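Only a predicted model underlies this, so the values are computations on that prediction, with no experimental measurement involved.
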Amino acid sequence: VATLSVITLLVLIAVGMLSLSSVTVRESRHESHMMEARANARMALMIAIGELQKAAGPDQRVSARADIRESTDPNKKYWTGFWNTKDWDPKNASTRTFVDWLVSTPDIDRGRGETLSEEEVDAPLAGGELITLVGEGSTATTDEQVRVQKVSLKENGGTTGHYAYWVGDE
C-alpha cells in the first residue's frame, strides 16, 4: 500500500511538472511573437520617419492631404503628399514638382529611390492586404479611417513578418 502511494505521488508530480513545462513553452512562444511584432512596429516607425525626412527635406517643400485634389479616392483622402516648390510660380500651379505620398506600399522599392506618383491617390485603394491604422475608437465615422497596404518582410525567400505605416499631415 505504501509503495502504491509513493508511485501515485510520483506520477502526480510528473504530470504536474509536464503541465508546468507545457505552459512555460507556450508562454515563451507567445513572448517570441510579441517581440517580433514590436520589432516590426519599430522598423515601420523608423521607415516612416526616414521617408518623412527625405520627402520634407529642404525648406522649399510643402505638404498637404490628398483631399486637396478633386479626383482623390475617398479611401485615400488622408494620405499626406509632399511637393517641391523651389521653382514654383504661384501663377502656374504646374511648376511645382510632386515628391511622394507617405504611406507603405509593397508595389515600390523606396530603398531604390522609387516613389508613388501624384495620381496614385486617384485610383481605388485595392491590392494586397489592407491594414487599418486609424480606425474604430479613433474616428467618428468609418469614412475617416486610414487604411494602407501592408508590406511583407522577406528573408531567405520566406516571409518573416509585415509592417505598415502612414504619415499624417497634422
Side-chain angles (χ1 to χ4, degrees), residues 31-170:
E31 192 172 311
S32 172
H33 291 295
M34 286 298 293
M35 287 174 46
E36 182 180 336
R38 286 184 180 122
N40 290 348
R42 272 192 308 275
M43 187 188 66
L45 178 61
M46 289 187 295
I47 291 171
I49 290 172
E51 292 302 318
L52 175 61
Q53 289 173 330
K54 205 165 40 172
D59 287 341
Q60 295 92 5
R61 304 258 174 106
V62 295
S63 66
R65 286 190 346 199
D67 60 358
I68 66 164
R69 294 173 47 88
E70 292 177 15
S71 55
T72 297
D73 177 67
N75 293 311
K76 296 179 178 180
K77 66 184 176 185
Y78 293 110
W79 286 17
T80 302
F82 281 84
W83 288 262
N84 187 346
T85 60
K86 182 178 180 185
D87 299 318
W88 182 55
D89 176 6
K91 296 176 186 168
N92 183 0
S94 65
T95 58
R96 71 182 191 282
T97 306
F98 181 73
V99 177
D100 201 3
W101 296 108
L102 296 187
V103 296
S104 59
T105 178
D107 300 331
I108 61 168
D109 186 351
R110 294 186 189 275
R112 294 186 180 174
E114 296 176 6
T115 61
L116 294 168
S117 71
E118 185 172 2
E119 293 74 26
E120 174 65 32
V121 293
D122 300 340
L125 184 58
E129 188 172 342
L130 300 176
I131 303 295
T132 302
L133 295 178
V134 179
E136 188 176 329
S138 298
T139 62
T141 63
T142 56
D143 68 324
E144 294 175 334
Q145 295 183 356
V146 177
R147 297 173 57 119
V148 297
Q149 294 175 309
K150 78 176 180 180
V151 179
S152 297
L153 295 170
K154 307 254 187 222
E155 186 176 318
N156 298 328
T159 300
T160 60
H162 302 89
Y163 70 91
Y165 69 88
W166 157 78
V167 176
D169 188 29
E170 299 297 326

Undergrad: Indicate yes or no: at least one non-hydrogen side-chain atom of Glu118 is less than 4.5 angstrom from one of Trp83.
TA: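 SC-SC contact between Glu118 and Trp83 confirmed.
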Undergrad: Any side-chain to backbone donor/acceptor pair from Trp166 onto Tyr78? Under 3.5 Å, distance only.
TA: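 Yes: the side chain of Trp166 pairs with the backbone of Tyr78.
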Undergrad: Do Asp122 and Arg69 come close enough that some side-chain heavy atom pair is under 4.5 Å?
TA: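 Yes, their side chains come closer than 4.5 Å.
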Undergrad: Are any non-hydrogen side-chain atoms of Val148 and Trp79 less than 4.5 angstrom apart?
TA: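 Val148 vs Trp79: side chains touch.
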Undergrad: To the nearest 0.5 angstrom, please state how far the OG1 atom of Thr72 sits from the CD atom of Glu120.
TA: 11.0 Å
Undergrad: CZ/Arg96 to OG1/Thr85 distance, rounded to the nearest 0.5 angstrom?
TA: 10.0 Å
Undergrad: When you compare the side chain of Val99 with that of Arg61, does any pair of heavy atoms fall below 4.5 Å?
TA: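 Side chain of Arg61 against side chain of Val99, heavy atoms only: contact under 4.5 Å found.
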Undergrad: Which heavy atom of Ser104 sits nearest to which heavy atom of Ala164, and what is that distance?
TA: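 Residues Ser104 and Ala164, closest heavy atoms: OG-CA, 3.4 Å.
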Undergrad: How about Asp100 and Lys54: do any of their side-chain heavy atoms sit closer than 4.5 Å?
TA: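 A side-chain contact under 4.5 Å is absent here.
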Undergrad: Do Phe82 and Leu52 touch side chain to side chain, with heavy atoms closer than 4.5 Å?
TA: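 SC-SC contact between Phe82 and Leu52 confirmed.
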Undergrad: Are the side chain of Trp101 and the backbone N or O of Ser117 linked by a donor-acceptor pair below 3.5 Å?
TA: yes
Undergrad: With rounding to the nearest 0.5 angstrom, report the CG to CD1 distance, Leu102 to Ile49.
TA: 12.0 Å
Undergrad: Test Gln149 against every option in Val103, Asp107, Ile131 by the side chain to side chain contact (heavy atoms under 4.5 Å, CB included) rule and name the one that passes.
TA: Asp107
Undergrad: Would you say the side-chain atoms of Lys76 pair up with the backbone N or O of Ala123, donor to acceptor, closer than 3.5 Å?
TA: yes
Undergrad: Would Asp67 and Arg65 pass as an ion pair if we require N to O under 4.0 Å?
TA: yes
Undergrad: With side chains defined as the heavy atoms from C-beta onward, is the minimum distance between Val62 and Trp88 less than 4.5 Å?
TA: no
Undergrad: Give me the atom names and distance for the closest heavy-atom approach of Ile108 to Glu114.
TA: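 Closest heavy-atom pair between Ile108 and Glu114: CA-OE1, 3.3 Å.
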Undergrad: Thr80 side chain to Asp169 main-chain N or O, any donor-acceptor pair under 3.5 Å?
TA: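 Yes; judged by distance alone, with no hydrogens or angles, the pair exists.
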Undergrad: Quick one: closest heavy-atom pair of Ala66 and Val121, and the distance?
TA: CB-CG1, 3.7 Å
Undergrad: Can you tell me how far apart CE (Met46) and CD (Glu51) are? Round to the nearest 0.5 Å.
TA: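 Result: 13.0 Å between the selected atoms.
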Undergrad: Rounded to the nearest 0.5 Å, what's the gap from CG on Leu130 to CG on Leu125? Could you check?
TA: 4.5 Å
Undergrad: Given 3.5 Å as the limit, does a donor-acceptor pair link the side chain of Thr160 with the main chain of Glu155, or not?
TA: no
Undergrad: For the backbone of Gly135 and the side chain of Gln145, can you confirm whether one donor and one acceptor N or O come within less than 3.5 Å of each other?
TA: no
Undergrad: Side chains of Lys86 and Thr97: closer than 4.5 Å at any heavy-atom pair?
TA: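 Result no, sub-4.5 Å side-chain heavy-atom pair not found.
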Undergrad: Between atom CD1 of Ile47 and atom OH of Tyr165, what is the distance when rounded to the nearest 0.5 Å?
TA: 6.5 Å
